[in-house]
Protein chains: 2
Amino acid sequence: MLHVLLHMISAREAVTSDRLAAMMGTNPVVVRRVMAGLREAGYLRSEKGHGGGWTLACDPATITLDDIYRALGSPPVFAMGHRTESPGCLVEQSVNAALEDAFREAEAVLLARLRHVTLAALAADFGARLKACTAERLQAS
Amino acid sequence: MLHVLLHMISAREAVTSDRLAAMMGTNPVVVRRVMAGLREAGYLRSEKGHGGGWTLACDPATITLDDIYRALGSPPVFAMGHRTESPGCLVEQSVNAALEDAFREAEAVLLARLRHVTLAALAADFGARLKACTAERLQAS
DNA sequence: CAGCCTCGCAACACATTGTGTTGCATGAGA
DNA sequence: TCTCATGCAACACAATGTGTTGCGAGGCTG
């Protein structure tokens, strides 16, 4: 997902789902599926017809990874645990309380981290890598 | 899993997989499957034959939730991301770097939290809940 | 207007994974 | 010897994510 967005920042004009799918090694329908959330959230625009495709609808500096995460529907972060909700068994309640606390705290840390990374920052990081890579290549030749 | 362990602390004698399965609403084979890791790690013992079953092999105060997590094979914590490892695309590398950092930090927080919760602490919490519950019941009657 | 391009959406096919289930062998006690 | 219990392997099943196809709607171009 982020991969797609960064590619779109590099390419200033509209990009079709087909091209993005080719970049990601998947197919266009999947791309549209995951981009739908971003479009509804107003971060992206999609245009039909010849010369259409996807364009950024906001400033990359104002959107954070957390925004993207929520636009995607805030999918579950953790792969484990999260048992049934207090099924009367007190043992279950104790376990849930301890784990839920730990999970909530870890999730808060993760989201805080995502919240202060903007798309523009990612793009800048990419630029730095590109520069380092080309410098390395020049040195090799 | 933790649910099972707490039940075993309450019951001082050996408990069969059948009984544990009944408590958890599953079946004995599944119980044995997940307990196998704990047995190999030395936290549990299992005995065959009549009167056999599962017993604790350690002091609940010395084993933490992190120990249990690792005895279970340290299953993946997060449900998302973790794309392919640097497939040459620099964009992918930038995205991975940013996300891996965030995930590592969140995982560290989670494990630190698990590391200072012992089984005995969970059992004590359960005791407190039991007490509160019975008090509430007395008040209601 | 006709033809092509692109997205939007729904339905289906498929692989993967976790979970439940069955069967049989092994060891321990009555 | 019989019963109880674990250990292990193999299979059945449901849920989920992903890829695929088909059709319709809208927009550009000649």
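Naming convention: chains lettered A, B, ... in sequence-line order (proteins, then strands); numbering from 1 in each chain. All of these numbers come straight from a predicted model, not from anything done at the bench.
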Do [X] and [Y] belong together in a cluster built from hydrophobic side chains that touch within less than 4.5 Å?
X        : Y        : result
B/Val109 : B/Leu111 : no
A/Leu122 : A/Leu72  : yes
B/Trp54  : B/Met24  : yes
B/Leu38  : B/Val117 : yes
A/Ile9   : A/Tyr43  : yes

Side-chain heavy-atom pair [X], [Y] within 4.5 angstrom cut-off:
X       : Y       : value
B/Tyr69 : B/Val77 : yes
B/Leu99 : A/Leu65 : yes
A/Cys89 : B/His3  : yes
B/Met8  : B/Leu44 : yes

Quick one: [X] [atom1] to [N] [atom2], roughly how many Å, whole number?
X       : N      : atom1 : atom2 : value
A/Arg45 : D/dG27 : CZ    : C1'   : 16 Å
B/Leu38 : D/dT6  : CG    : P     : 15 Å
B/Asn27 : D/dT6  : CG    : P     : 12 Å
B/Glu47 : C/dA30 : CD    : P     : 13 Å

Without swapping roles, check the side chain of B/Asp101 against the backbone of B/Ala98 for a donor-acceptor pair under 3.5 Å. no

Contact string for nucleotides 8-15 of chain D, one letter per nucleotide 5' to 3', B = base within protein heavy-atom range under 4.0 Å, S = sugar-phosphate only, - = neither, reads -BB-----

In terms of ring plane angle, is the pair A/Phe103 and A/Phe78 parallel, tilted or perpendicular, where the classes change at 30° and 60°? tilted

Here the residues of residues 7-23 of chain A within 4.0 Å heavy-atom distance, strictly under, of DNA chain C are A/Thr16, A/Ser17

Looking at A/Thr26, I'd like to know whether one of its side-chain N or O atoms comes within less than 4.0 Å of OP1 or OP2 on D/dG19. yes

Contact list for DNA chain D against residues 48-59 of chain B - heavy-atom distance below 4.0 Å: B/Lys48, B/Gly49, B/His50, B/Gly53, B/Trp54

